[in-house]
Amino acid sequence: MPKPLLMDHDGAIDDLLSQLLVLTMPDVELIGVTVTPADCYIEPALESAYKLLQLMGREQVPLGRGDYYGINAFPSEWRARPEIINALPLLINLPKSPDPYGYLSAPDLIIRQLSTATEKVTILMTGPCSNLVMALEKAPELKAAIAEIVWMGGAFRTTGNVQTFQHDGTAEWNVFWDPVCSQKLFSYELPLTLIPLDVTNHVPVTKKFLSTLASQIDHKLSNLTGQFWALTLDTIPSYHYTYFMWDILATSYLAMPEQFMIETAKANVSTRPPNAGQTYLDENGYTIRFATDVNVAYFYEYLLAQFRQ
Ligand code: AGV
Ligand code: CA
């Protein structure tokens, strides 16, 4: 029996690649996708999410629209990328997407899917966690319906990737966007596994990987994902602008948990400047799990195999 999965993403290129990867997994039954307007503008991102469902013949999977805008906004240049995705040759001519304002709000879709599920649901989040936290604030009893939460977020024993005013650089963006909801999520002490920068730093998007992916371009998904990834290389080649397989690594955890090194720890989230959104180890904090390492070669091979469709 495939395990039921709710996914919340925030429309960046690796979020969309992650949605596609989920749709290739035989052991996962996607029961809903909600989109957070964080690393995207919501209308084109909902269209991208719908187009990927169409491409895989899964347009019956319900989408939910995030209406809450976090505390610390993402840079606009990052948010605008789904417009380009929607114009790619494999996506532009798909039948028209629904009106983005016709969707249920994201927390309401999460509540509906959790309350009607017949077994415990796994939740994958590849953007900020606000939609889930708002759903659980409204319906706290649904915490019992969650099997595990897998979240790309945080930075524990490494520097963060936020570089902005009134900030010391210790936070990771998904946590920084809404430090208050992030701290609430930690405080629930649900089975929460973080895939933080500590482990995603091991998996950059490399030309070597893209070159191997291109050698199997006769497979439709290798063709499409190769184009997605090429769009991420338009950035300045310095640490803070290297594109990593952030969300894709978190998504792969669903299929290959045994390839990760996981640590259980007590931790907390700062909600104030100069380190708002920093996730830090703290004996008096909350119990969480986070990945510290992964079998890198296995991970890249896994992606190449999944996209040979
Ligand atoms: O901090 C990583 C998160 C991931 O969920 N996002 C990108 C991934 O979707 C924010 C981010 C950090 N650096 C970025 C980001 C960059 N250079 N471009 C776009 N987004
Ligand atoms: Ca993301």
Side-chain angles (χ1 to χ4, degrees), residues 7-22 33-42 44-46 48-49 52 66 69-85 106 123-132 149-156 158-164 167 169-179 181-182 185 193-206 225 228-254 269 276-279 290-291:
M7 177 176 191
D8 188 287
H9 71 62
D10 69 338
I13 292 186
D14 64 328
D15 295 82
L16 298 172
L17 284 159
S18 298
Q19 184 188 323
L20 204 52
L21 182 59
V22 160
V33 177
T34 50
V35 182
T36 300
D39 206 349
C40 67
Y41 292 106
I42 194 69
L46 281 165
S48 305
L52 295 181
Y69 288 78
I71 295 168
N72 301 298
F74 273 86
S76 315
E77 312 83 75
W78 296 358
R79 298 181 63 192
R81 283 203 178 106
E83 292 281 21
I84 307 172
I85 297 286
I123 297 181
L124 170 67
M125 297 188 294
T126 59
C129 64
S130 321
N131 285 331
L132 175 64
I149 301 168
V150 179
W151 186 24
M152 190 283 125
F156 291 92
T158 183
T159 76
N161 62 6
V162 170
Q163 283 193 312
T164 190
H167 205 276
T170 54
E172 181 281 323
W173 264 102
N174 289 339
V175 183
F176 178 62
W177 194 76
D178 189 350
C181 278
S182 303
L185 180 66
T193 303
L194 291 157
I195 309 295
L197 298 185
D198 305 61
V199 63
T200 61
N201 281 343
H202 298 173
V203 289
V205 179
T206 62
T225 58
F228 274 45
W229 266 307
L231 291 171
T232 68
L233 300 184
D234 67 337
T235 47
I236 304 160
S238 76
Y239 171 80
H240 284 280
Y241 290 90
T242 299
Y243 211 89
F244 291 91
M245 303 253 183
W246 297 286
D247 299 347
I248 301 151
L249 185 66
T251 305
S252 305
Y253 174 80
L254 299 174
V269 180
Q278 183 187 10
T279 50
F290 70 99

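Counting convention: from 1, in listed order, for ligands and their atoms alike. If you read the sequence from its start, that first residue is 1, and numbering goes on from there.
- Not one N or O of Asp10 is nearer than 3.5 Å to an N or O of ligand 1, by distance alone.
- Considering only heavy atoms from C-beta on, Leu185 comes within 4.5 Å of Ile149 through its side chain.
- Put simply, the side chain of Ile85 reaches to within 4.5 Å of the side chain of Leu231, judged on heavy atoms.
- Here the side chains of Met152 and Leu249 are not in contact, with every heavy-atom distance at 4.5 Å or above.
- Within the 3.5 Å criterion, the main-chain N or O of Asp247 finds a donor-acceptor partner in the side chain of Ser18.
- The Asp247 neighbourhood of ligand 1 comprises atoms 4 (C), 5 (O), 8 (C), 9 (O), with distances under 4.0 Å to a heavy atom of that residue.
- Aromatic ring orientation, Trp177 versus Phe74: tilted (interplanar angle from 30° to 60°).
- In this structure a side-chain-to-backbone donor-acceptor pair under 3.5 Å is present from Gln19 to Ala49.
- For Phe74, every heavy-atom contact with ligand 1 shorter than 4.0 Å involves the side chain, none the backbone.
- Considering both main-chain and side-chain atoms, Trp246 never comes within under 3.5 Å of ligand 1 through any nitrogen or oxygen pair.
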| Steps toward side chain to side chain contact (heavy atoms under 4.5 Å, CB included) verdict (Phe176, Thr164) | CA-CA 11 Å; Phe176 178 62; Thr164 190; 3.9 Å; yes
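- Shown in contact with Asn174 at under 4.0 Å from a heavy atom are these atoms of ligand 1, numbered in order with element: 3 (C), 4 (C), 5 (O).
- Here the side chains of Met245 and Asp14 are not in contact, with every heavy-atom distance at 4.5 Å or above.
- Annotation for ligand 1: atoms under 4.0 Å from non-hydrogen atoms of Asn161 are 1 (O), 2 (C), 12 (C).
- Residues passing the side chain to side chain contact (heavy atoms under 4.5 Å, CB included) test with Ile71 are Tyr68, Asp178, Pro179, Val180, sequence neighbours excluded.
- Near Glu172, meaning under 4.0 Å from any of its heavy atoms, are these atoms of ligand 1: 1 (O), 2 (C), 3 (C).
- If you look at Asp15 next to ligand 1, the close heavy atoms, those under 4.0 Å, all belong to the side chain.
- Protein N, O or S atom count below 3.0 Å of the Ca ion (ligand 2): the structure gives 5.
- Using cut-offs of 30° and 60° on the angle between ring planes, the pair Tyr243 and Trp246 is perpendicular.
- Between the side chain of His9 and the backbone N or O of Val33, no donor-acceptor pair lies under 3.5 Å.
- Inclusion of Thr126 in the set of residues having an N or O under 3.5 Å from an N or O of ligand 1 is warranted.
- Heavy-atom proximity to Ala12, at under 4.0 Å, picks out these atoms of ligand 1: 9 (O).
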